[in-house]
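The next block holds one structure in the form of structure tokens; read it before the comments.
Naming: A, B, ... by sequence-line order, numbering from 1 per chain. Atoms considered below: every heavy atom in the structure, side chains included; atoms not considered: hydrogens, waters and symmetry mates.
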Amino acid sequence: MPVLVRMTISGRGCDGVKYSYYPGCSLCSTASEYNLSSEAICARLGIELQEIPDWNCCGATSAHSASAYLSVALPLRNLILAESMGLDMVVPCAACYHWQRVAHREVVEGTPVGRKANEELTEVMGRGYKGTLQIKHIMEVILQQQVLDLLPEKVVTPLAGLKLAAYYGCLMLRPAEVVAFDDPEQPQSIDNLAKALGAETVRWSAKVDCCGGSFTLAESGVVGKLTADIVSAARRGGAAAIVTACPLCQANLDTRQKENEVQMPVFYITELVGVALGMPEARRWFRKHIVDPVPLLEELGLL
Amino acid sequence: MGDFKPQIIAFCCYYCAYAAADVAGSLRLQYAPEVRVIEIPCSGRVDPVVILKAFEEGADGVYVAGCLEGDCHFLKGNIRARKRVEYIQKILSELGIEPERLAMYNLSGAQGDRFAEIADEFTARIKKLGPSPVKVGDSL
Amino acid sequence: MSEHAGVKTKAVGAVLVVGGGIAGMQAASDLAESGFLVYMITFDDSLGGRMAKLDKTFPTNECSMCLLGPKMTGSLNQVNIKLLTRAKLSNLLGQPGRFTAVVERYPRYVDESRCTGCGQCAEVCPVKVADEFNGGLSQRRAIYKQFPQAVPNKFAIDKENCIGCMKCVKVCTAKAIDHRQQPEILELSVGAVILAPGFDSFDASLLGEYGMGYYPNVVSNIQFERMLSSTGPTGGRIYRPSDRKIPRRVAFIQCVGSRDYRNKYGAEYCSAVCCMASVKEAVIAKEHHPEMEVTIFYLDMRAHGKNFDRYVNRALAQGIKLQRCLISSVKEDPATGNLNVSYCEQGEVYTADFDMVVLGAGVRPPGSAGQLARSAGIELNRYGFARTGEFNPVETTRPGVFAAGGFIGPRDIPETVVNGSAAAAAAAELLSAARGSMEQVVRYPREKDLQNRQPRVGVFVCCCGSNIAGVVDVPAVVKYASSLPAVVNAWQFTYSCAQESLQRVKEIIEQYQLNRVVVAACSVRTHLPLFRETLKQAGLNQYYLEMANIRDQCSWVHRDYPRRATAKAKDLVAMAVGKVCRNQPLHLEPVPVEQKALVVGAGIAGMTASLSLADQGYGVYLVERRPYLGGLLNRLYLPQRGENPRDLLRQKIEAVINHPNITVYKEAELTHLSGRIGSFHSTLQVGEKTVHLHHGVVITATGNCEAPVRGYLYGKDNRVITRLEMEKYLGENKNIDRLNTVVFIQCVESRQQGREYCSRTCCVQTVRQALALKELNPGVNVYVLYRDVRTYGFMERDYRLAREKGVIFINYDLDKPPVLRSGSEAVDVDVYDPACREELQLAAELVVLATAAVPSEGVEKLAGLLKIPVNEDGFLVETHAKLAPLDVPAPGVFICGAAHSPQSIGEAMAQGRGAAARAATILSKAHLLAGGAVARVLPEKCAACLTCVRVCPYGVPRIGTDNVAEISAVQCQGCGTCAGACPNRAITLEHYRSEQLTEKVRALFNGEVASSG
Amino acid sequence: MAAVGLASLLFAETGQVTTGCYNCMKCSSGCPVSFAADLKTHEVIRLVNLNRLDKLLKSKTIWLCAFCKTCKQRCPNDIDASVVMDWLKSKALADGIAPALPNIPVMYQSFLQSVEKLGRVYEAGWIGTYKIKTKTFTQDIKLGLKMIKRRKIKLLPGRIRNYQEIRKIFACARKNDNIRKGL
Ligand SMILES: Cc1cc2nc3c(=O)[nH]c(=O)nc-3n(C[C@H](O)[C@H](O)[C@H](O)COP(=O)(O)OP(=O)(O)OC[C@H]3O[C@@H](n4cnc5c(N)ncnc54)[C@H](O)[C@@H]3O)c2cc1C
Ligand SMILES: Cc1cc2nc3c(=O)[nH]c(=O)nc-3n(C[C@H](O)[C@H](O)[C@H](O)COP(=O)(O)OP(=O)(O)OC[C@H]3O[C@@H](n4cnc5c(N)ncnc54)[C@H](O)[C@@H]3O)c2cc1C
Ligand code: SF4
Ligand code: SF4
Ligand code: SF4
Ligand code: SF4
Ligand code: SF4
Ligand code: SF4
Ligand code: SF4
Ligand code: SF4
């Protein structure tokens, strides 16, 4: 980590980097802190996000189980909206990212479902999807070289002393041929970004394990076991907190820790970027967590 | 017995023990300097006369080193050698020479470490046994 | 060979061999020994290839290096093999028979003719980099030797990492280092090219789920081999990289990067060696640490080779656990470094904790394959290996360019050696007209007759720079040596092996009228041939030389005791002097060779061997006891990898019958054989007639047949048939569309008590038959009940195709075989399916039994006649399971085809051709040289006790007409076992006679002064 | 036993070549929910290939699959069992087979109902629906309150502007997918 120089707030930004922004349902409810932090840090880094007007739910964790068609058609509407904005799409939610990319691929590859959905949406919306968009996870956007180059001057509070377990979960990385922006088995992007912020990440093996996703309601027992395994693996790895880039993962890990154990904060990576950029509103994001991360950050002098 | 420097002869098969001694060399493994190697084409070549002659001349210890069992370059020479060594050991004990002064070892041509180990091991054994009774008899 | 006709007259009698692994060396030595000049180029600094990295080899657990060492030095010392290291083929111009090979040679920056391999340079070199030879588990310097036994035993500089500090140059007193060496481009004129660049290992760190490269205690199989090796990074000790503790629980994970259809990292084929490699590594690890618990996670145990199943069964008996389940991922407990593996058994998922995990990483085409293919103008197959035919395994797409070894596809050492020989035969067929035209024959001055002269010994003591002189007091040794009886004088050399020193030795021999020489220097293993050569050039018999190893076995290993090292050096010199005085000149006597072959058995192997030898210009007698040629091939119908066995059969029979060099005897049996290598006399019974033949070699190709079946209602219900019956049925395609359900049962009579081996061809044949069924009748239900599916190598693809087409494979256990009942509509087959934990009832209109392959009838009798050992299964036993798969202990006799072990047609053809190459090393010579260090009988002492007859591993001694033992000098291998065993001391082993050995002993004790000094 | 039926149907509708499976059990040993599954993942694939729809549709496993794609990621034969499970779920609902884990389909349905109505998910609404349908009111009450306090679950629904388009999409889905009851 290079020595960081404290800079005035109005530093250089990534001028001209503009995206259409798809927050998705979770970020408007259970993961609102993810939304707030994503928007805030992008603004600070000079990445312009334009929310897609009138976006709809991508169907995420449920549509596929009922209808393969629906799981493509719902996200496709968002793609069409974004395409008409002429801006590549940024998605913070891993599940939404996954499904938006699936829909894109089905259309571009002209699979039966993709073709059908595009035809019918053309009818419904008066225009179809041409397949010109790039759909990026917010991690990808921050990990672009030009953004990374900015970090040394923008980071005012290097996350020194913060030992993190970087947790990726399922949908951001799998299946590799749809969502590949990192190694599907030993991903490093969150680790790399966390390190670029001055934090330390631990070696652990539960990075890509499944947290139980949407079963938190229907099969809380299953989710309880899976999250317990992940949290305890992080703990054995020596981490003080977990960092994710998925609202489902964060929610499961944050809410389903065993009551009789020391609770481990679970961050969104964007929140940590915010902390490192010295954004005072971070405290507001943390109020939304079930396991309060503030004591840890204060202890380390990061807040 | 402190300055007893035993004289030890090792009959080494060209394909394994002799090769292993070379490997020990290229790895610079240090071992007891008492051993004198005599190269033979196969451990199966050793015959009672040569070994007994060595004791007669004053060797404090003799060992035969051949390939690992099943590995003999000439199929079964090392098995024959082992049998022969066992037979000569019997003769030695009848002659009043400790049969432990004669041994058979098996090692592969890559086992430089084992070669050095054997040299040390056998030298230590002979040092413990002291000079050969043949020799002691001589000096009387 | 028709496409080559016409070039023969102008052909060049030299062959380029690319690759210095075992395949390349085998091809090169077969060719060099049969009259061709060979250029061998290899990327590496040393010969050896992959085998040099292995600790032991399955299924005999023989030390890999012990096998390889003599092979490497042999290749280096063969005058007709010109070895170029750090070289690659960059272009190949011209026609078969007359190519110009453009070879790029990269500098070693070390002059090979000067480097003594002392290693002082490496000691001072400040650069340390990961040692790729040890899988990165240790470090080496920028100037280095790949491995301790490297051949040539010379150092080389890795320029990429060298910082140019020149420390090495300063320390190298041999002045061997030249940092300014430049790459060279050579144009070689050759008649044929053999490509043997081997294969690479799959980089298992690409599959992150297994954690290699992330978790320190996950290693690859090659890294584990290096750990097991006593010259490896851990000196043969197994420990966990994280904490250097001995692992107590070790898991092996199979099929890593093989049999994988999923993404860019996977390979569809089976890597064919990793199952056995893991079993072997497990066995050896357990030998090191008996308390170690080893589990191998696998899917199908591919133990399809000769004696492999036995090996696996022994491993099981030793407590190695085989768990059928491929592993999804390895998890590490970062606190302990332990590794967690989950596996599924009988519908339950268990998690087990291990201290170390070894990944059975598969094989990949050599990294250089693309470049090499472009340069050589050949095509690669879909997997990036050389494209060769099912029935032409060594022929590439470019005539005159052949492939061998791992480059053809994943295979083990014996198969590699077989291909090496087969490729040599292919080249020799093409170039037979030019045989001998480029061969280099060295001429020496007339040998002086010194038989009855008093010994006049000259001793040359080497300093080897400071390698010897740095520890041993060389002048003292020189002084001592010159004081020994019979020694005329002793001389000191800085580097005895330097060209100018050798010249000087010759002059001294002349000047001082020396008749015996002792060189006190390094090892006979590396330097004896060089000094023998010098003696021959000086007109002395080469056996008048002795060496004393005062470097590798003295100065290097007693650094801390210079005085005692000096004493030892003196002793060793005295012993050498003692012996050399007793040495006798030995001469190699030429014995004539009858340049014809007898081939027994006219199956595909025998026919292929006959055609190869006939194309090479030798007469062949082909003996077949049946009234027709082709053996079991007559009963195969279905195409194999696109090639039709019916066409093959027709073509080969036609070629054999029409070949002017081949005489066929049908309905004939060999009844008597006498003579020796180079000159056998045999008697055939041909119908009523008796025929006498005279020939130089025998090739045995008696093949196999289908084992009789007991059980499974065979013979009782005609809806149960054997796999050969099924071939015919499918070939004739009658009523196949009427079938609803067909069940195949695998391993019938194979792999069980009494027949503990795999018949190798049945799994593949079944898959082929199932596919053919599905093709002829897509609606048919096909079930294959198997124990392990052994579609090794590229045949894995057929297995996948069969599944895709809907063939259902059901695994059964030997304890719970399928049960058959005759019903009126169908044969009911009950089988338990572990893949869904249910008993299934299948109603089959046809049940096909995968019957075992057994040796042809009467093979023991023939083997007895030819002195070929037979194993408990009736297959013929080769000299060396690994390096001499086609030779047998009896000199001049070779084996090939299914008589050796069950094998496919293509494999039998490779063996047939390989056996021809082996035979040609004898037939190509008008005379064999016999004698040298061999056993000799003193008839007056022999009591005809038969001891020697019993103990000789090669069956050489026989009791002759005058009732004393006779040992044929041509056949004797010189092991000395008989000499050691003879109770009457009637046998001497020349050059190692008892008085020579005792003289060494005596000299040691006469030199008591030295020892104590 | 006709072995080809179900597998070919699945291939036609999902593109999954289930017959490619060689029973290596990687999927099962890596599946995060296998500890709770009655049929292990590879057994599901095997039963598809053996044409055993009856047993499959009654299993818990098809509902339990978390769609994590671990199996798909590592299957050497490139089989996506999660897609197979989805297909079987839909089939079970379409065929009116009582789900072995009834809460899960209700959860999916509640979620989708919300999407169909509003174009987006309305957490309080769909969770409420789910709880009423599954009679699991008391479960996770404490957690729910925490979420509401932190403004993580909004109590009032919002609807997208062109919600009609979403309804049409659902209509198309009903028309296209043969699994109407599932929606
Ligand atoms: C882990 C493991 C364990 C094994 N254990 C056993 C065992 O116990 N028993 C057994 O029978 N088999 C075993 N095998 C298989 C055995 O290693 C191979 O069968 C054998 O080494 C193949 O020999 P080769 O000569 O074809 O290739 P290699 O040994 O790979 O030699 C190829 C040579 O060619 C050189 N080369 C490559 N490309 C070029 C080029 N373009 N130009 C010039 N030179 C080139 C290379 O440098 C190398 O020296 C094992 C394999 C593995 C991976
Ligand atoms: C049941 C079965 C099914 C097979 N299916 C396949 C397959 O589908 N695909 C495949 O690639 N391979 C298959 N094989 C292997 C195939 O048989 C061999 O690869 C091939 O036939 C071996 O050729 P060969 O010349 O070594 O032996 P064989 O073909 O057996 O020929 C040996 C010949 O030697 C003769 N002979 C034997 N003893 C004597 C004697 N004492 N004197 C004179 N002549 C003698 C025999 O009469 C015979 O003609 C199968 C083998 C078996 C047993
Ligand atoms: S002779 Fe020179 S180059 Fe060769 S090993 Fe010795 S120091 Fe190195
Ligand atoms: S010049 Fe290069 S090889 Fe020689 S010592 Fe220096 S770094 Fe090593
Ligand atoms: S089945 Fe084939 S690829 Fe898999 S480990 Fe065994 S030999 Fe290697
Ligand atoms: S002959 Fe002498 S100089 Fe040459 S390598 Fe041997 S000991 Fe060294
Ligand atoms: S069926 Fe044949 S090839 Fe397959 S495992 Fe059994 S004996 Fe071996
Ligand atoms: S020396 Fe060996 S090979 Fe020769 S006859 Fe004696 S025992 Fe046989
Ligand atoms: S991982 Fe794939 S091939 Fe293996 S059992 Fe599962 S579905 Fe079959
Ligand atoms: S997708 Fe379903 S079946 Fe596959 S591993 Fe995940 S939970 Fe198991």
Side-chain angles (χ1 to χ4, degrees), chain B residues 5 7 9 11 14-16 18-50 53-54 56-59 62 67-68 70-77 80-81 84 107-114 116 119, chain C residues 55 60-66 69-70 117 119 148-149 229-231 235-236 523-526 549 551-554 556-561 564-565 567-568 571-572 575 879 889 933 951 953-954 973-977 979-982 985 989 992 994 997-998 1000-1002 1004-1005 1008 1011-1012:
Chain B
K5 298 212 180 69
Q7 286 179 306
I9 296 179
F11 290 97
Y14 174 84
Y15 290 93
C16 46
Y18 191 91
D22 283 354
V23 171
S26 60
L27 297 175
R28 308 297 197 273
L29 304 173
Q30 304 297 304
Y31 56 85
E34 280 80 9
V35 178
R36 306 287 179 263
V37 167
I38 294 182
E39 176 253 329
I40 46 178
C42 170
S43 57
R45 166 65 193 89
V46 290
D47 68 46
V49 175
V50 178
K53 180 81 183 164
E56 185 188 306
E57 288 286 342
V62 175
C67 305
L68 294 173
D71 263 16
C72 175
H73 187 83
F74 295 105
L75 314 177
K76 277 184 249 164
R80 306 253 177 242
R84 225 164 282 149
L107 75 171
S108 85
Q111 287 177 304
D113 54 340
R114 181 74 188 122
Chain C
D55 174 44
T60 49
N61 277 3
E62 279 172 295
C63 164
S64 187
M65 199 43 86
C66 299
Q149 306 90 332
S229 166
S230 50
T231 51
S523 175
V524 292
R525 292 175 55 256
T526 52
N549 190 339
R551 186 185 74 166
D552 311 48
Q553 299 183 7
C554 185
W556 278 355
V557 289
H558 310 309
R559 271 178 180 168
D560 303 338
Y561 303 99
R564 289 158 78 184
K568 177 168 171 177
D571 280 353
L572 293 174
M575 290 160 78
T879 306
V951 301
Y954 301 93
Q973 306 291 304
C975 69
T977 306
C982 176
R985 305 179 35 72
L989 179 66
Y992 296 95
S994 293
L997 296 181
T998 44
K1000 267 199 158 173
V1001 173
R1002 238 173 40 75
L1004 171 60
F1005 294 99
E1008 199 124 11
S1011 298
S1012 49

(Q) Can you tell me which of Gln111(B), Arg84(B), Lys53(B), Arg114(B) forms the most heavy-atom pairs within a distance under 4.5 Å of chain C? (A) Arg84(B)

Q: Please look at Leu29(B) and chain C and tell me whether the side chain, the backbone, both or neither of the residue comes under 4.5 angstrom of a heavy atom of that chain.
A: backbone

Q: Using non-hydrogen atoms and a 4.5 Å limit, figure out which bit of Ala981(C) sits close to chain B: side chain, backbone, both or neither.
A: both

Q. Distance only, no hydrogens: is a donor on one side chain within 3.5 Å (strictly under) of an acceptor on the other, for Ser994(C) and Arg45(B)?
A. yes

Q. Do the non-hydrogen side-chain atoms of Val37(B) and Lys568(C) ever get within less than 4.5 Å of each other?
A. no

Q. Using non-hydrogen atoms only, which part of Arg28(B) is less than 4.5 Å away from chain C: side chain, backbone, both, or neither?
A. both

(Q) So, taking the atom named CD in Glu39(B) and the one named OG in Ser523(C), what distance separates them when rounded to the nearest 0.5 Å? (A) 8.5 Å

Q) Picking from Thr60(C), Asn61(C), Asp560(C), Asn549(C), which has the most non-hydrogen pairs under 4.5 angstrom with chain B? A) Asn549(C)

Q | Nearest heavy atoms of Pro33(B) and His558(C), plus distance in Å | A | CA-CE1, 3.3 Å

Q) Between Val524(C) and Tyr14(B), what is the shortest heavy-atom contact and its length? A) CG2-CE1, 3.9 Å

Q) Under a 4.5 Å heavy-atom cut-off, does chain B meet the side chain of Gln973(C), its backbone, both or neither? A) both

(Q) With a 4.5 angstrom heavy-atom cut-off, is it the side chain or the backbone of Asp113(B) that approaches chain C, or both, or neither? (A) side chain

Q. Is a donor on one side and an acceptor on the other found under 3.5 Å between the side chain of Gln7(B) and the backbone of Phe1005(C)?
A. no

Q.
So does Trp556(C) get a backbone contact from the side chain of Gln30(B), meaning a donor-acceptor N/O pair under 3.5 Å?
A. yes

Q: For each of Ala24(B), Ala20(B), Pro48(B), Ala19(B), tally heavy-atom pairs with chain C at distances under 4.5 Å, and name the one with the top tally.
A: Ala19(B)

Q. What part of Val46(B) is in contact with chain C, defined as an atom under 4.5 angstrom from a non-hydrogen atom: side chain, backbone, both or neither?
A. backbone

Q | Nearest-0.5 Å distance, CG of residue Leu997(C) to CG of residue Asp47(B) | A | 7.5 Å

Q | Closest non-hydrogen atom pair between Ser26(B) and Pro148(C), with its separation | A | OG-CB, 3.5 Å

Q) Just wondering, do Glu57(B) and Leu1004(C) contact through their side chains at under 4.5 Å, heavy atoms? A) no

Q: Among the options Ala116(B), Ser43(B), Ala119(B), Ser108(B), pick out the one with the most heavy-atom pairs lying under 4.5 Å from chain C.
A: Ser108(B)

Q | Shortest non-hydrogen separation from Cys42(B) to Cys975(C) and the atoms involved | A | CB-O, 3.4 Å

Q.
Please give me the minimum heavy-atom distance between Pro41(B) and Leu989(C), naming the atom from each residue.
A. CG-CD2, 3.5 Å

**Q.** chain B contact via Asp55(C) - which portion, at a heavy-atom distance below 4.5 Å
**A.** neither

Q) Checking Glu34(B) against chain C: side chain, backbone, both or neither under 4.5 Å from a heavy atom? A) side chain

Q. With respect to chain C, which residue among Ala59(B), Ala81(B), Cys67(B) yields the maximal number of heavy-atom pairs within a distance under 4.5 Å?
A. Ala59(B)

Q) Can you tell me how far NZ of Lys1000(C) sits from CD1 of Ile38(B), rounded to the nearest 0.5 angstrom? A) 6.0 Å

Q: Select, from Gln149(C), Arg985(C), Met575(C), the one with the greatest count of heavy-atom pairs under 4.5 Å involving chain B.
A: Arg985(C)

Q | Minimum-distance pair of heavy atoms, taken over all atoms of Phe11(B) and Val1001(C) | A | CZ-CG2, 4.4 Å

